[in-house]
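For reference, the structure discussed in these notes is given below.
Note that this is a predicted model, so its numbers are computed, not measured. When a residue number appears, it is its place in the shown sequence, counting from 1.
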Amino acid sequence: RHPLATFFHLFFRVSAIVTYLFCDWFSNSFVACFVTILLLLSFDFWSVKNVTGRLLVGLRWWNQIDEDGKSHWMFEAKRVPTIAASTEAEARIFWLGLIICPLIWTMFFFSTLFSLKLKWLALVIAGISLQTANLYGYIHCKTGGQKIISKVTSRLFGSPDAPKRQSRRISEDGTEEHGKTGTR
């Protein structure tokens, strides 16, 4: 169990949302509010990407740029079941936080746009971008692992419609890395 990781998975996310909603009540400085919320969003992005995803659900993603300037998204999933790495409640908290928060920031986008508070628009777009990048990465980690499992089972049972090859590595610690190449 990882109660501290679960706490910080939600703490930075909820703090950024609450600060965005009530910042005008506590401070008249737009810059102070903007910087505070952006720092909370950045802390959230880093902690979810590098710590809580690995501890709570056994998934990790990152982006590499090779010598040619091509961007490669790398996805890693532990080979052991995710339930062994954490409890099912922690996994639910992870996925609910990962899905609900980008939806909230999207609602903030439309409310900011329609209320013509355009100075907040850059911050809301940053919130959507950071939250959606984590969601995108972890969805690909989860579905990428399923594609590899289906590829292995199709080889065992001789299915003619086996999925296309996907690059992957297995490291010493039993984790499996698979990548998807994209250009920037």
Side-chain angles (χ1 to χ4, degrees), residues 1-2 5-17 20 38 40-66 70-110 123-154 161-171 173-184:
R1 296 188 47 146
H2 305 284
T6 306
F7 171 77
F8 280 109
H9 177 70
L10 295 176
F11 175 74
F12 292 124
R13 292 174 171 264
V14 173
S15 296
I17 291 170
Y20 176 79
L38 195 58
L40 288 169
L41 287 169
S42 299
F43 291 154
D44 170 63
F45 179 80
W46 182 88
S47 67
V48 170
K49 182 179 170 304
N50 295 314
V51 179
T52 63
R54 192 178 311 173
L55 292 176
L56 300 179
V57 291
L59 302 172
R60 187 174 78 137
W61 67 271
W62 67 95
N63 189 326
Q64 290 179 339
I65 299 180
D66 63 8
K70 290 184 181 179
S71 177
H72 300 277
W73 286 75
M74 304 300 294
F75 305 102
E76 180 179 85
K78 285 194 176 191
R79 295 187 118 188
V80 295
T82 58
I83 301 303
S86 67
T87 66
E88 192 162 325
E90 288 175 336
R92 279 193 196 132
I93 290 170
F94 177 83
W95 287 108
L96 283 173
L98 204 63
I99 293 168
I100 291 173
C101 289
L103 294 175
I104 292 171
W105 282 103
T106 303
M107 289 184 340
F108 290 163
F109 173 79
F110 288 113
L123 180 67
V124 173
I125 290 171
I128 291 171
S129 300
L130 292 171
Q131 301 277 324
T132 305
N134 264 333
L135 180 61
Y136 174 82
Y138 283 112
I139 286 175
H140 276 286
C141 284
K142 187 132 176 99
T143 60
Q146 297 300 324
K147 288 178 187 174
I148 289 172
I149 290 170
S150 68
K151 185 168 113 176
V152 169
T153 57
S154 68
D161 57 333
K164 291 183 180 179
R165 272 205 171 179
Q166 186 174 353
S167 66
R168 66 180 175 143
R169 286 187 304 211
I170 299 176
S171 60
D173 63 348
T175 58
E176 186 171 326
E177 300 173 3
H178 44 95
K180 175 182 176 184
T181 304
T183 56
R184 276 187 357 151

From [atom1] ([X]) to [atom2] ([Y]), nearest 0.5 Å:
{"X": "Leu10", "Y": "Thr52", "atom1": "CG", "atom2": "OG1", "value": "9.0 Å"}
{"X": "Ser129", "Y": "Phe45", "atom1": "OG", "atom2": "CZ", "value": "10.0 Å"}
{"X": "Leu135", "Y": "Ile139", "atom1": "CG", "atom2": "CD1", "value": "4.0 Å"}
{"X": "Ile93", "Y": "Leu56", "atom1": "CD1", "atom2": "CG", "value": "8.0 Å"}

### Query
Just by distance, do the side chain of Tyr138 and the backbone of Phe94 share a donor-acceptor pair under 3.5 Å?
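Looks like no, no N/O pair under 3.5 Å.
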Can you confirm if the aromatic rings of Tyr136 and Trp61 lie within a centre distance of less than 6.0 Å?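 That pair fails the under 6.0 Å test.
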I'd like to know whether the aromatic ring centres of Trp46 and Phe43 sit less than 6.0 Å apart in this structure.
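Aromatic pair excluded; centres sit 6.0 Å or further apart.
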Would you mind telling me which of Leu98, Leu40, Leu41 makes a side chain to side chain contact (heavy atoms under 4.5 Å, CB included) with Arg13?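 Checked Leu98, Leu40, Leu41 against Arg13; only one passes side chain to side chain contact (heavy atoms under 4.5 Å, CB included): Leu98.
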What are the two closest non-hydrogen atoms of [X] and [Y], and how far apart are they?
{"X": "Leu55", "Y": "His2", "value": "O-CD2, 3.4 Å"}
{"X": "Ala77", "Y": "Cys141", "value": "CB-O, 4.3 Å"}
{"X": "Ile128", "Y": "Thr132", "value": "O-OG1, 2.6 Å"}
{"X": "Met74", "Y": "Gln64", "value": "CG-OE1, 4.0 Å"}
{"X": "Pro102", "Y": "Gly97", "value": "CD-O, 4.3 Å"}
{"X": "Leu103", "Y": "Ile99", "value": "CG-O, 3.5 Å"}

Subject >> Plane angle bin for Phe8 and Phe11 - parallel if under 30°, tilted between 30 and 60°, otherwise perpendicular >> reply: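 Answer is perpendicular, since the angle exceeds 60°.
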* Would you indicate whether the side-chain heavy atoms of Val48 and Phe12 approach each other to under 4.5 Å? =>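 A side-chain contact is absent here, since even the closest heavy-atom pair is not under 4.5 Å.
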(message) What verdict does the side chain to side chain contact (heavy atoms under 4.5 Å, CB included) test give for Trp105 and Leu130, after you've listed the backbone C-alpha separation in whole Å, the side-chain angles of each residue and the deciding distance to 0.1 Å?
(response) CA-CA 10 Å; Trp105 282 103; Leu130 292 171; over 6 Å; no
* Asked: After noting the C-alpha distance and the side-chain angles of Phe108 and Ile17, does the key distance pass the side chain to side chain contact (heavy atoms under 4.5 Å, CB included) rule?
  -> CA-CA 9 Å; Phe108 290 163; Ile17 291 170; 3.8 Å; yes
Notebook entry, point to check: Passes side chain to side chain contact (heavy atoms under 4.5 Å, CB included), Leu59 versus Phe75? Steps please.
Noted result: CA-CA 8 Å; Leu59 302 172; Phe75 305 102; over 6 Å; no
